[in-house]
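Notes follow once the structure below has been shown.
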Number of protein chains: 2
Amino acid sequence: MGRRVTIEDVARAAGVSRQTVSRAINNKREISPITLERVMNAVQQLGYRPSWVARGLATQRTHTIGLVVPDITNPFFPEVARGVQDAARAAEYNVFLYNTDESAEREHQILYSLASQPVDGILLFGSRIDDSDLTTFAESYRPLVVLNRRIGHPGVGMVLVDNYAGARLAVEHLINRGHRHIGMLAGPLASPSSIQRVGGFRAAIEQHQLPLQDSCIVPGPPTLDGGREGAEQLLYHHPEITALFAYNDVMALGAVQAYIESGYRVPDERAVVGFDDIWIAELVHPGLTTIRVNKYEVGYRAAQCLLALMEDPMQCPPAVEIGVELIIREST
Amino acid sequence: MGRRVTIEDVARAAGVSRQTVSRAINNKREISPITLERVMNAVQQLGYRPSWVARGLATQRTHTIGLVVPDITNPFFPEVARGVQDAARAAEYNVFLYNTDESAEREHQILYSLASQPVDGILLFGSRIDDSDLTTFAESYRPLVVLNRRIGHPGVGMVLVDNYAGARLAVEHLINRGHRHIGMLAGPLASPSSIQRVGGFRAAIEQHQLPLQDSCIVPGPPTLDGGREGAEQLLYHHPEITALFAYNDVMALGAVQAYIESGYRVPDERAVVGFDDIWIAELVHPGLTTIRVNKYEVGYRAAQCLLALMEDPMQCPPAVEIGVELIIREST
DNA sequence: CCAATTTCCGTGAGCGCTCACGGTCATTGT
DNA sequence: ACAATGACCGTGAGCGCTCACGGAAATTGG
C-alpha cells in the first residue's frame, strides 16, 4: 500500500530539483558535496528506490541479460548459469533464464520475444537453430554471445569449447588402453558440439588407422536413456566394439549401465569415456573417465564477453577458447 | 541500426490512432474486425514489437518474477527452477534467477534490489534470513511465495514440503532394518527444513524408545564434504551408530563415501538414507535410499501460487503441501 | 423519422526517469 | 573593478506505452 516514492518526492523533501536528485544517485558529480548529502538523507528517509523500469525507458537499457539454455536440468548447465550469474552480478546486471528444450521452434519463440526488449544482451547456449537463422538473428538483434558456434559477425561473441581436441584425447586414451574397436554415441546431430566431437573422434581413429564403419557412430538424445539405448544398439550390431566414446557424461553413464545390465564388466570388458565431467562423474561406480570442461568458466567468460560487447556493440571480440582436460577414472 | 519501431509508426501506417493500435495488439475488442486486420497487417509489415519496458512503466507490471535460490548448482534446485519456468512461461512471465549462496546478507541485498521494481512477484526458496526480517519484508514488498516457512501474512504464499513426515519415514525404515543406534547429519541449522527434519527424526526415535544423545545430531553444510565430515565425526565419537539419516542426498552421498573409505561396507555394516531423491541417487553405487520430493512440482505449484497472488495480492492462499515418499535402494 | 443506444475510435495526460540545454552565482585574472 | 571562466543547479522535453475520458458514426426501436 502507499504510493511509490518517486524522485519528485525526494526532490521536494530535499528542496532541490529532480535533476539534482538524479545526479546525486548516479553520482554524476556536478553537484556540491553539501547538497549531495542533503539529497542522500532524503533518499534514506523516504526509502526511495529508483524505478528500474522508468530508468530503462529513459536510457534504453534495462541492465538485464537473457540466458538461453536447452535445459537447466541438464547437469551441464547449472554451473554455467552460475558463472553467468556471478559475472552479471559483479556488473549489477540481472539475468533472465529460458529453456528451449532442445527445440528449435521454442528457441525461435524465445529469441523473438526477447526482441521486445527486456534484455540488453543475450547468451545463447546450446542453440539448435541453423546457422543462417542464427546469422539473421544476430543481425537484427542486440549483442549476442553464442556457445560453440562460429559466427563471424560484428556484435556477436563466441565461446568455443575445444571439442575437437577433447574427442581426440578421449580416443587416444582408449587406444592407449589397447582398444581397437571403438564406437561413439554421437548425441544430437544437429548440435555443433556433436559435429565437432564426431570430427575429433574420426580424426583420431583414422590417424591410428583403426577400422571405422559409419554405423559405429550412433546418434541419440543426450540423456541417460539415449546413452543406454545407443550402447545396446551397438552391442547388438557391433559386438566387436570394446570401448565407447560418448557425447557427454550423461550418455556415458547410460552406456555403463547398459553394459553392466548386459553382464559386461566395466572397465575390464568394456570401457567408456564421457565428456563434460559433470559433478557426479566421480561419484558413480565405476568413476567415469571423461573430458573435463570448466563449465563455470564457460558461463563466466561468456558473460564477460557479452558485457564488453554491450559497451561497444560493433566490435568483433576474439573467440573465447575453453580448453579441456582428460580425467582418468575407473571406467577405462 | 535503425530506430525502434514504435506504436506511432504503426498507427501512421495503418491510418489510425495509437490507442487503436494498442487495442488491437492487446485485443481489447472495442475495435472493428476490419481495422483490427488493417492494424495487424501494419504490425506485421513493420515488424513492430511493443516495448515491454514502456508498457511496464505505464501499467506498473513487468510480467516478470524473481526466483531466489541458495545455489542453482545444488542439484535440488534445477528441477525446481524448471517447474517455475514452465509455469511462468505458460502465463507469459519471464523469470529472473538469483543465487544467495546460503548467505543471509546476500539474500538481503537481492531482496532489497528486487524492490526497485524489476519483478511483479518473488519466489523465495531456501531463505536463510530470520522470521522477523522475512515478515517485515513480506509486509513492504510485492507478492511473495516462500518455501518451507510458515508466514501467515496476506499476500504471501507458502509451499511446504512434508519434512517432518519424511524424516519419520526415513527413521522408521532404518528401525525396520534393525538399526538401534541412529545418527543424523542435520545440515544447516538455520534452515527451517533442517529444523523440521530434525524434529521428525527425534519424534521417531523417541516413539520407538531408542537411545538418543544430542551429540548424535551433527550440523554441517549441505555439501558432499559436509556429509563426509559429519560422518567421520560421528564415526569417531559414536562408533556405535550403525545408521545415518542425512539432511539431503548430497550429504548422504558424502557419508557413504566416508564409510567406504573407512572400510565399512554399505549397507551391510552401515546404512544411510538421504532426502530429496536427486537425479543421481539411483546412479551411484550403492543406490541411495532416500525420501523423494517432487522438485518439479515444488517449483511449478509455487509459481502458480505466485501467479494467483498477483491477481489478487491481498488474499491468503492456503499453503501448498508437497508430499514425500520413501524410495528404498541399496544403501539401507 | 428522430431520440436513445451501442459501437467504434481519437485525445490528452501521465507512468518515473534522464538528457540536452541554459541560467545563476561565485570565483578568477589583470 | 569588470569581463571571463567555471561550478552548480533548474527547465522542458521526451522515452513508448496505457488509461480515462469524450465524441462521432452506426444501429436500434416505436
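For the numbers below, each heavy atom of this structure counts, side chains included, while hydrogens, waters and symmetry mates do not. The chains referred to below are lettered A, B, ... by the order of the sequence lines, with proteins before strands, and numbering in each begins at 1.
- Side chain of Y48(A), nearest nucleotide from dG10(D), dG10(C), dC17(C): dC17(C).
- Within the structure, every pair that satisfies the ring-ring contact (aromatic ring centres under 6.0 Å, His included) test and touches residues 54-73 of chain A, not counting sequence neighbours, is listed here: H63(A)-Y93(A).
- Put simply, the side chain of E102(A) does not reach to within 4.5 Å of the side chain of D71(A), judged on heavy atoms.
- Counting only distance, with no hydrogens or angles, the side chain of N41(B) and the backbone of R38(B) share no donor-acceptor pair below 3.5 Å.
- Look at R128(A) and D101(A) and you find no salt bridge, because none of the NZ, NE, NH1 or NH2 atoms lies under 4.0 Å from a carboxylate O.
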Which pairs, protein N/O on one side and nucleotides 22-26 of chain C N/O on the other, fall under 3.5 Å?
none

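- Rounded to an integer number of Å, the gap from I31(B) CD1 to dA25(D) P is 18 Å.
- Rounded to whole angstrom, the span from the CG atom of N26(A) across to the P atom of dG16(C) amounts to 17 Å.
- In this structure, the nucleotide among dG10(D), dT18(D), dC8(D) sitting nearest to the side chain of R18(B) is dT18(D).
- Under 4.0 angstrom from either OP1 or OP2 of dC9(D) there lies no side-chain N or O belonging to T20(A).
- Over its length, the helix from dC1(C)-dG30(D) to dT30(C)-dA1(D) turns its helix axis by 30°, as judged from the five terminal pairs at each end, rounded to 10°.
- At dC15(D), none of the side-chain N or O atoms of T6(B) fall inside 4.0 Å of OP1 or OP2 (strictly under the cut-off).
- The backbone N or O of G56(B) sits nowhere less than 3.5 Å from a side-chain atom of T62(B) that would complete a donor-acceptor pair.
- Residues that satisfy the ring pair (Phe, Tyr, Trp, His ring centres under 6.0 Å) test with F137(A), not counting sequence neighbours, are Y141(A).
- Distance, R23(A) CZ to dC19(C) C1': 10 Å, rounded to whole Å.
- Spacing between atom CZ of R12(B) and atom P of dG10(C) amounts to 14 Å, rounded to whole angstrom units.
- A donor-acceptor contact under 3.5 Å is not formed by the side chain of R49(B) with the base of dG16(D).
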Walk me through whether S17(A) and T20(A) qualify under side chain to side chain donor-acceptor pair (under 3.5 Å).
CA-CA 5 Å; S17(A) 73; T20(A) 302; 3.0 Å; yes
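- At whole-Å resolution of the value, CD1 in I34(B) and P in dT7(C) are 18 Å apart.
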As a quick check of understanding, evaluate side chain to side chain contact (heavy atoms under 4.5 Å, CB included) for I72(A) and L97(B), giving each step before the final call.
CA-CA 12 Å; I72(A) 190 68; L97(B) 183 60; 5.5 Å; no
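- The side chain of S17(B) lies closest to dG10(C), out of dG10(C), dG10(D), dC17(D).
- Counting only heavy atoms from C-beta outward, the side chains of R150(B) and L160(B) approach each other to under 4.5 Å.
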Going by atom type alone, with no hydrogens or angles, which donor-acceptor pairs under 3.5 Å involve a side-chain atom of residues 301-313 of chain A and a protein atom two or more places apart or on another chain?
{"from": "R301(A)", "atom 1": "NH1", "to": "E297(A)", "atom 2": "OE2", "distance (Å)": "3.1"}
{"from": "D312(A)", "atom 1": "OD1", "to": "M314(A)", "atom 2": "N", "distance (Å)": "3.4"}

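- As a whole-Å value, the separation of I7(B) CD1 from dG14(D) P is 18 Å.
- Ring orientation note: the planes of Y98(A) and F96(A) are tilted relative to one another, at an angle of 30° to 60°.
- Distance Q19(A) CD to dG14(D) P: 16 Å, rounded to the nearest Å.
- Between the CG atom of D9(A) and the P atom of dC15(C) there is a distance of 11 Å, rounded to whole Å.
- Checking the phosphate oxygens (OP1, OP2) of dT18(C), a side-chain nitrogen or oxygen of S22(A) falls inside 4.0 Å.
- Of the residues in residues 50-64 of chain A, P50(A), S51(A), A54(A), R55(A), A58(A), T59(A) come within less than 4.0 Å of DNA chain C through at least one heavy atom, sorted by number.
- Side-chain contact check for R106(B) and Q109(B): at least one donor-acceptor pair (N or O, by modelled atom type) lies under 3.5 Å.
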